Amino acid sequence: MFHKILIANRGEIALRILRSCREMGIRTVVAHSQADTGSLPVRLADESICIGPAEARASYLNIPSIISAASITDSEAIHPGYGLLSENAAFAEICRACGITFIGPSPEAIRLMGDKAQAREMAKQAGAPVVPGSTGPLEGVDEAQALADKMGYPVVVKAASGGGGRGMRVVRSREMLARAFATCQSEAAQAFGSSELYLEKFVEETRHVEVQVLGDRNGIRVHLGERDCSVQRRYQKLLEESPASAISEATREGLCKAALAVANAVNYVSAGTVEFLVERSGEFYFIEMNTRIQVEHPVTEMVTGIDLVREQVRIAAGEPLGYKQSAIRVSGHALECRINAEDPEHFVPSPGTVTAWLPPGGHGVRVDSHMMPGASVPPYYDSLIAKIIVHGRDRAEAIARMQRALGETVVEGVRTTIPFHQKLLADPVFVSGEYALPRLEVGL
Amino acid sequence: MFHKILIANRGEIALRILRSCREMGIRTVVAHSQADTGSLPVRLADESICIGPAEARASYLNIPSIISAASITDSEAIHPGYGLLSENAAFAEICRACGITFIGPSPEAIRLMGDKAQAREMAKQAGAPVVPGSTGPLEGVDEAQALADKMGYPVVVKAASGGGGRGMRVVRSREMLARAFATCQSEAAQAFGSSELYLEKFVEETRHVEVQVLGDRNGIRVHLGERDCSVQRRYQKLLEESPASAISEATREGLCKAALAVANAVNYVSAGTVEFLVERSGEFYFIEMNTRIQVEHPVTEMVTGIDLVREQVRIAAGEPLGYKQSAIRVSGHALECRINAEDPEHFVPSPGTVTAWLPPGGHGVRVDSHMMPGASVPPYYDSLIAKIIVHGRDRAEAIARMQRALGETVVEGVRTTIPFHQKLLADPVFVSGEYALPRLEVGL
Amino acid sequence: MAGILAPRRWTPAEIVELAVAHDLAELEVEAGGMRVRVVRRHAEAAARPSAAAPPTALTQPAPAVAAEAAAGTVTIEAPMVGTFYRSPSPEAPPFVSEGDTIKEGQTLCVIEAMKLMNEIDAKLGGRIVKVLVDNAQPVQFGQPLFLLEPLK
Amino acid sequence: MAGILAPRRWTPAEIVELAVAHDLAELEVEAGGMRVRVVRRHAEAAARPSAAAPPTALTQPAPAVAAEAAAGTVTIEAPMVGTFYRSPSPEAPPFVSEGDTIKEGQTLCVIEAMKLMNEIDAKLGGRIVKVLVDNAQPVQFGQPLFLLEPLK
């Protein structure tokens, strides 16, 4: 097992990783920007090292800085967390070249899954249904038009290396296609350095359901059930739950089987997530595979009791999973609310200093947060300040518990999305757990 | 179900009860002393009412005050928590007479179990082994001496209505008996208003193991496994865990069976705990039954997923348990550390104002606490400021997690027992989980 | 909920303003793990007492009553929890009304607790300035019932 | 761990501004680990430089530097993470030593990052007052390396 791990991330996930390392007896080095010098993860780390100024480009995305930070602190491995460098194949390769273990999948797997068109092909070959669309990058707008006419509208134009909704347009008529194509091309070029686009049939009403998988270096792979992440705003997830209430047992099994097939097809190692769109009919389509730990991983931990970060570290150290699919049981129901420092109506970021902080507690409540009285929420990074996760014997109990927990949470100095979550949890459509999503969500 | 419940307690347990009520949609009234006006439970309650000055005698033990508080706030039930009036049969009777539901067992059960000698007899008849000793209250010192000579020393003299080690003496020789008898008599008289004593064989080396039981009004009773509470100082528990690691499966089954037999013998309703002494050999003896929710109940909640306070409320409202013994599964391992505002070497209370408070968080960690920045720890009541509870897949994981959690906990303004707990959790004898207890504990 | 912690936070600014407001030459406050010492330049007499305000004063909203009480009157508080009655029976006149001059030991009201009518007597004589609770209202322990102007 | 919350509440700059705003002679603030004492000259000039110390100075061991920097010198900080070398090779003499007068653009040291030797040049000329890091020591971004007295 490793003796020392460098954490190349910030905020709640840096603390999350630190906690598992500490429980495993592994020393931690938190690499941080000048803006995060006083942050809780830095204060709690065994060692910390400043790797650059506030701007992520010059610090958290500064590969040479992070690699030398690892080498001068004698760190044997780097945990990239989520976002930032976590899905950067080049970074994973450099770690390998420098003899540092990248805690995650192989650069090859990251690269393959990072290319949407390739990933789609691969999933198709593995037997996972995909949304009808172009088999590879589009030659030009003419090919796009021909294909769209054949499939029928609406269609969606997507950047091959896109994500988070950037470089993406829904097109409802032939006339709109040309302009959408051009916009996406330029967005893609500047956002991802590649203007490759592809085209898909647009599925009107969907649920976003993803499956958590784990694979070790010996080729043992398991799934840890699914998460429903349909409550989103502009492709940003706001609430996640496990299990998914809106799908049938048959659909659940189909999703998990398809997810494992995809993971097996790329000999996937470490923790990963296979995302699907699920239609009301139960029809589902592979969207993409995320080759990192995800923000919403705690809901899976709550229902399975398995510490996913610990598993990532064990797998990276070459340890076998040590259990089979049959050993994994999903019990009860878990919800996660992402509390952002944003105003709850228009979701405008609200950076500042947290003057008062009191997290919720009690039975079935977990809080993952780097907040403390006096914590600063810098404007340079995402505005996630806390994840409140609850577990209940069933969905109704979990919802009541989350409402209780949100009601006793104290955050002063910045505005938060808590009022939004309270509204959402009280929405009868959401509470019903049916396929349809609350108007609320649409209204955002 | 009730619409409004009055909480006749303070501190973490008042908040604990409030949380379950809120999740059940029941309004709460927190009855508090003038010293607790600014406390977190009072701030979070739907309603609060001051029932007297700081001294517990004139407020939290003031029955007329509490009953009229309940009636002027239209509360349908009173939850007494633990300590204070929770095992006061007269209070339970007055509630009944005033048409207010006492959330707990019947006055008869409380009274019976409150009399150690009677309880002992009852347990014996129910088939639960008891420590050899006097069958009823002792006539006088002569009877005590005769009995002690027959059983052989050491013996222990106990107040019939005692508890918490008061009115209790271990006697190792005939010479010491007379004085011990006199001391206990006077202690018992002033502490419990009754000087009735009884005598028992003193079991030298023991583990303190207790079984949690639940019974509804239809006579359905289940046990929720056991808790090991052997780590004590002067009869004050400092750390509890479930399951008990130091006993065999056979002993575990024997304890649970005996506990249910005792509960059945008194037609026990609500949550209760049957306490036993367990010898190294696995021999065990009934000590007493606690007819209330206990401080350490969360370790049972962590391994069973059952909210015990919720069950108490449901049972008091006449609802059936709704599940049988077979439905209860104990999974993983849970630990609880009682964090007291005391100096960690000599356990001298350290009241004051908490200037900084940051509870631990993350996977498998639960905190039950009424602390907040600025919270006052008054000198009038017990010094429990927080319960830190962890769950792990096994005992080793739970211990590592508790160490991690204690290490990130911030309390400023008062001294706490955290350093003691850190030392205890690092003690090889404790970690081994064998029958023997850490020297540490003896050394206290 | 966001309000529940609010009252407590001390800032050095608050302490300095306190020193300025009371025109102190020096002010030193030590509370909640913090120590602040202010030395002002052209200051006159120091009014120590106000500087001695404990942090608890910040968490408990000083009731208007306290303010009035400062103005030469005292409050008579409920010695128990129960229902406040101004008269011995619905048809009877109130024991006391505003403006009445009362003698020590005189009955002021009744508080019903557990079906028992407890007569509350005056601990000192004076003039009733204000009756603070309406008839038949529930009262908690320590709740101000009357404002009394003691006899000089 | 118990100390980790305290230092973050306010910055020395805030304390000084407070002293200036209220025209105080002295202001002393002590809280969880940090102690700030401001003594103002009777003139309007306040001790600005030391006041400029950011809260990070509380968690990073650099206060001594800041103090000296106040005395008319500037610190040259590490522009990258790596290993600090005073000379191009083990046997070669150091690029600069204390007391040396250097010209703008002159090489001061090398920082090795990812097997690359990065020469760090002077942004301005002056006299090396102090070398703050030993040879072959790891340095983090922004860590003070040299104290320089700029040429007037």
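Side-chain atoms are counted along with the backbone in the values below, which use heavy atoms only and exclude waters and symmetry mates. Naming convention: chains lettered A, B, ... in sequence-line order (proteins, then strands); numbering from 1 in each chain. As the structure is a computational prediction, the values presented were derived from the model and not from experiment.
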Which portion of A:P298 sits near chain B, non-hydrogen atoms under 4.5 angstrom: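 Looking at A:P298, nothing touches chain B.
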Chain B contact via A:M402 - side chain, backbone, both or neither, heavy atoms under 4.5 Å: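 Neither part.
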Partners passing side-chain contact (heavy atoms from CB on, under 4.5 Å) against B:A317 (at least two apart in sequence or in another chain):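 With neighbours one apart ignored, the set is B:M1, B:F2.
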Tell me which donor-acceptor pairs, judged by distance alone and kept under 3.5 Å, run between chain A and chain B, one pair per line.
residue, atom, partner, partner atom, Å
A:R19, NE, B:E408, OE1, 3.2
A:R19, NE, B:E408, OE2, 2.9
A:R19, NH2, B:E408, OE2, 2.6
A:E23, OE1, B:R401, NE, 3.0
A:E23, OE1, B:R401, NH2, 2.9
A:E23, OE2, B:R401, NE, 3.2
A:E23, OE2, B:R404, NE, 2.9
A:E23, OE2, B:R404, NH2, 3.0
A:G362, N, B:V367, O, 2.9
A:H363, ND1, B:R366, NH1, 3.3
A:R366, NH1, B:H363, ND1, 3.3
A:V367, O, B:G362, N, 2.9
A:R401, NE, B:E23, OE1, 3.0
A:R401, NE, B:E23, OE2, 3.1
A:R401, NH2, B:E23, OE1, 2.9
A:R404, NE, B:E23, OE2, 2.9
A:R404, NH2, B:E23, OE2, 3.0
A:E408, OE1, B:R19, NE, 3.2
A:E408, OE2, B:R19, NE, 2.9
A:E408, OE2, B:R19, NH2, 2.6

Flag side-chain contact, heavy atom, 4.5 Å: B:L40 against A:L358: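 Yes, side chains in contact.
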Closest-packed option against chain A by number of heavy-atom pairs under 4.5 Å, given B:G392, B:A400, B:G362: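 Greatest number of close heavy-atom pairs with chain A: B:G362.
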